Amino acid sequence: MLPQLEKYFRTERLPHIWCPGCANGIIVKSLVEAIDKAGLDQDKTVIVSGIGCSSRAPGYLNFNTLHTVHGRAIAFATGVKVANPELNVIVVTGDGDGTSIGGNHLIHGARRNLDLTVVLFNNNIYGMTGGQYSPMSPHGAKATTSPYGNVERPFDICNLVTASGASYVARGNSYNTGQLTNLIYKGLQNKGFSFVEALSTCPVYFGRKNKMGKAPDMLKWQKDVCITKEAASRMTAEERAEKIITGVLHHEEMPEYTELYQKVIDKCQGGRA
Amino acid sequence: MTVTNINAKLMQGNQACAEGAIYAGINFYAGYPITPSTEIAEVLSERLPQVGGKFIQMEDEIASMAAVIGASLTGAKTMTATSGPGFSLKQENLGYGMVAETPCVVVNVQRLGPSTGGPTAPAQGDMMQARWGTHGDHPVIALCPSSVQECFNLTVKAFNLAEAYRTPVLLMMDEVIGHMRERVVIPEPGDLEVVDRTKPEPGTQDYLPYQPVDSTLVPPMASFGDGYRYHVTGLLHDETGFPSNNADVMGALVERLHQKIERGLEKIIMVEEVNTEDADVVIVAYGAVARSAQKAMKLAREQGQKVGMLRLITVWPFPEEAVIKVAEKAKALIVPEMNRGQIKEVVQAAVAGKAEVHGIGNSNGDIVTPWQMLDKIGEVL
């Protein structure tokens, strides 16, 4: 571990629970690098998660940390941030946690443009329960609950969150950590609802079942399938079809919830005095 | 306390509950509209920003309960209010609040169920849900107001108990109480006790968020942002807050959650006894039904029947001692409820044959009337 990052970890809580080859640790490192770059005060930063593999991350991180129930991380985080807007609030969630049981909270957090930074670890599967298909599993993918191939279609979660009103939406992956760190950093800088989909890998449950090779092969798959928004703009629709577009997908300054609510308080209290 | 026209107001129970929360120092309310509790949200949406607090209407009941816990961890005094179906939805996060020892107040203005039931029909059918609605094994504190004044006072009390014991506290109202209008005297600041949670001593270096420091077994609670950077989880955990699968650690936490409430029973349990000294029959009642009981007792006494009333203000933890005490003197206890006998069964278990226990149960959306009680008294005597 880089010495300058060690202070962000509860080293006594390591090693982590993630399986060998899992990319969640890579994403956590990018998150911590982004926090370091943004210079967030550890005492004034809260990391909130739901339930699932990625949601165990806060336990390893040396901040105020809140490991909640399945799917509700953004709802808990909403209470933290609204009650004390001085705190930096970061949500760590997975694709099962954040897009399925937590889907409603995700779109409403985005709609309010509450100043949260949500990092969604997308490994396309429910890992902690042993490999069931998630709303982010590709059509046709094998899982313990889709033995004949996934009948359902996955979300384009970045499009969904953008349409719901988030002010910053980006996608990165665990292969290109420099880009991912930067995308999370920009999310932390944005005053409003920031959403970063971070493609992770699950070699044990997703990769093995779908014959994607070993952990390095899955990272290589990410390298091959992911293209930047800029590169995509130079490709034909046919060339783009099988690709996953990364980078800042949406960024628009708009009024933030706690600032708007403070105006209500000021008006009420001003009116009374 | 001097009562003037300024501090005496005509108020609805729900409104009094909201004003009681303001008196107790509420900083944050999250809720989702549901009849017959909605006026609590409506009043607080107006009142909270006036006192610098925050109101947010969440996307659902589950989110409201989650937000209330999140806000409490920053040091805020928090509340949510709902009715039957919403109360069911809150249960998972209510259990989280119990295990993570997060103070908050949850109001359930009960309506007729099951399911969507009778939205504006009164009931007391959620008393057992209040006790055992979450999964797992934990104690619970639930208070039942019988007047609009008590909606105010017991809301303050509910906040105090939540802060003192680091736990969610339930205020189990019913539709009659929530929507009835009565004269309420708003106490001056200082008239009612207002309790704030104990924080760690400033400069505490080795703060353990789940380690009790005195015989109350309630650990001091630091707010997120105070500089202690601790971990909160719904998993069973040790005194550091970090999860453990060790049977001793898990068992010790569950045991302490129970013990901290048991050690506080004297301060938590509230009952009102009227005419029980010489009573042959004692009506054991709570919430709106206690008002009918009061009337029935008066009418029965006028007819020369020795009838008393034991009103359960705290229903959970169950006031077992008070019930046993009246049962030892009386021939029979009558437990009228707007349900099929949820508390009657608990009374019966507590009394263990020391007196006859008869229930009157209305599950049709009607309050139990004094005349139903008089009929029963006639049968029993």
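As the structure is a computational prediction, the values presented were derived from the model and not from experiment. Letters go in sequence order (proteins before strands), and every chain restarts at 1.
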Counting only non-hydrogen atoms closer than 4.5 Å, does A:Phe63 touch chain B with its backbone (N, CA, C, O), its side chain (CB onward), both, or neither? backbone

Contact part of B:Ile56 toward chain A, heavy-atom cut-off under 4.5 Å: side chain, backbone, both or neither? both

Do the numbers put A:Arg112 on top of the ring of A:Phe193, so that NZ or CZ is under 6.0 Å from the six-membered ring centre and no more than 45° off the axis? no

Per-residue contact mode, A:Val82 against chain B (heavy atom under 4.5 angstrom): both

Can you say whether B:Thr102 sits under 4.5 Å from chain A via the side chain, the backbone, both, or neither, judging by heavy atoms? neither

Ignoring hydrogens, what is the shortest heavy-atom contact between B:Pro220 and B:Lys199? Give both atom names and the distance. CB-C, 3.8 Å

Under 4.5 Å heavy-atom distance to chain B, tell me which part of A:Gln42 shows up: side chain, backbone, both or neither. both

Engaged part of A:Leu87 at the chain B interface, taking heavy atoms whose separation is under 4.5 Å: side chain

Selection from B:Phe224, B:Phe28, B:Tyr228 maximising heavy-atom pairs under 4.5 Å formed with chain A: B:Phe224

The interface call for A:Arg111 against chain B, heavy-atom contacts under 4.5 Å, is neither

Taking the six-membered ring for Trp and the single ring otherwise, decide whether the centroids of B:His237 and B:Phe242 are under 6.0 Å apart. no

Considering only heavy atoms and a distance below 4.5 Å, find which of A:Asn84, A:Asn62, A:Thr78 pairs most often with chain B. A:Asn62

Please check if the side chain of B:Tyr29 supplies one atom and the backbone of B:Gln57 the other of a donor-acceptor pair under 3.5 Å. no

Determine whether the aromatic ring centres of B:Tyr230 and B:Tyr207 lie less than 6.0 Å apart. yes

For this output row, return yes or no: ring centroids of A:Phe76 and B:Tyr96 closer than 6.0 angstrom. yes

Distance in Å, A:Lys186 NZ paired with A:Tyr168 OH, rounded so as to fall on 0.5 Å steps: 6.0 Å

